[in-house]
2 protein chains.
Amino acid sequence: MPKVFAERSDVIPALGEIFREYGFAGASLSEITERTGLGKGSLYHFFPNGKNEMAEAVLNEIDTWFNENVFAPLRESEDAVSSIRLMFNEVNRYFKSGKRICLVGAFALDHTRDHFSEKVCNYFKIWMNSLTTALKRNGLAKKDAKEIAEEVVGGIQGALVLARSQDDPKIFVRAMKRLEKRIMELIGE
Amino acid sequence: MPKVFAERSDVIPALGEIFREYGFAGASLSEITERTGLGKGSLYHFFPNGKNEMAEAVLNEIDTWFNENVFAPLRESEDAVSSIRLMFNEVNRYFKSGKRICLVGAFALDHTRDHFSEKVCNYFKIWMNSLTTALKRNGLAKKDAKEIAEEVVGGIQGALVLARSQDDPKIFVRAMKRLEKRIMELIGE
DNA sequence: GTCTATAAAGCGATAGAC
DNA sequence: GTCTATCGCTTTATAGAC
């Protein structure tokens, strides 16, 4: 019996997980129909431009989530220290303590990046800029703040790669703790 | 006019670059025939098991290269400090100062990992273990050595992701310098 | 060892009934 | 909004001539 009145936004999380597991090129429509429970008709109704539009919708949702839960607090919170602690907590939660990869980072590595270059570039750029802002508010010089932001955002991506390569999420958790500790030492907390 | 007497080992570097650019799933045989200049007949002559065997050959070559140029010196060199400097130099050269990604790291992220899990796992494991050995030889406690090795190998992977996301190889070069400096400070050089 | 021709399957995408 | 049927194309892989 066909489901009715499914909403476009309902399928986006499932699409995200499929792209994470198979990559953009490896995610086939048959896998997508199976996992979402929607036929091709429904999928093309929601995403007339096919797989490309699905990936774009996923990237937009990621963008929104990080802006609301991580980037905006870093930029706007009066208490910069707790906004940085919040970042580590939320990021750890988002990546399921290392059991989930970063889709944007995965897209960045191969030619998939070229199809979504603006979104891929901005995700990391805004993340680093927001963290830099919070660090400057804690008294760090602009140059130092930028450098540590680059180290932290890069360190998180690398820990996700390493954790998956060893099938050991604890590698990610350890990296997060190490990076948080280093930031807190630098800003004297 | 058909080339004759091409050798299997001749095509492996080209295969590596194709997999880096397109990922395993995204690398099509038509792209491979085009870039290697070999017809499907020749390719299946060299790699009877098709794409899978091609990727395996690439991973084997990567394994050999890193063992000879990076891992073995780390484990065996009498001068542990210069073996660590050598590591940073060789790794920087291998990844073309951030213009080339790590194929093993890319494979690790999606389900491609499951097809080559042993090789993917061992590449990073042996890298971290070799670096740990060199660090212990410089007087670091085992626990500290393991932690810094994890940080450095992860940091390199993350920097590759970040550099490509921003299309800015300098991010990778900066990370390499930062990581080398941190190691040298820790072992008191 | 190389090539071309071809097979069989799967792909993304579309059309049209309901 | 959902489905099934189908299109045209590309895919991986094989066969067989040279």
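The analysis underlying the following values was restricted to heavy atoms, covering all of them including side chains, and did not include hydrogens, waters or symmetry mates. Order of the sequence lines fixes the chain letters, A, B, ..., with proteins taken first and strands second; residue numbering starts at 1 for each chain.
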Within less than 4.0 Å of OP1 or OP2 of [N], is there a side-chain N or O belonging to [X]?
X	N	result
Tyr44(A)	dT14(C)	no
Ser30(B)	dT11(D)	yes
Ser42(A)	dG1(D)	no

Roughly, in whole Å, what's the span from [atom1] in [X] to [atom2] in [N]?
X	N	atom1	atom2	result
Phe19(A)	dG12(C)	CZ	P	10 Å
Leu29(B)	dA13(D)	CG	P	6 Å
Ile32(A)	dC3(D)	CD1	P	15 Å
Arg8(A)	dT2(D)	CZ	C1'	17 Å
Lys40(B)	dA8(C)	NZ	C1'	13 Å
Tyr22(A)	dC11(C)	OH	C1'	16 Å
Asp10(A)	dG1(D)	CG	P	12 Å
Glu34(A)	dC11(C)	CD	P	11 Å

>> Does Asp110(A) form a side chain to side chain donor-acceptor pair (under 3.5 Å) with Thr112(A)? I'd like the steps, not just the answer.
In response: CA-CA 5 Å; Asp110(A) 65 23; Thr112(A) 307; 2.6 Å; yes
> Of Lys51(B) and Gly41(B), whose closest DNA chain D nucleotide lies nearer the 5' terminus?
Replying inline: Lys51(B)
>> Within the 3.5 Å criterion, strictly below it, is a donor on Asn60(B) or Lys119(B) matched to an acceptor on the partner's side chain?
In response: yes
> What does Ala25(B) touch in the nucleic acid at a heavy-atom separation under 4.0 angstrom: a base, only the sugar-phosphate, or nothing?
Replying inline: nothing
> Would you find more than 12 non-hydrogen atoms of other residues, nucleotides or ligands less than 6.0 Å from Lys51(A) atom NZ?
Replying inline: yes
>> Looking at Arg35(A) and Glu31(A), is there a salt bridge between them, counting it only when a charged N and a carboxylate O are closer than 4.0 Å?
In response: yes
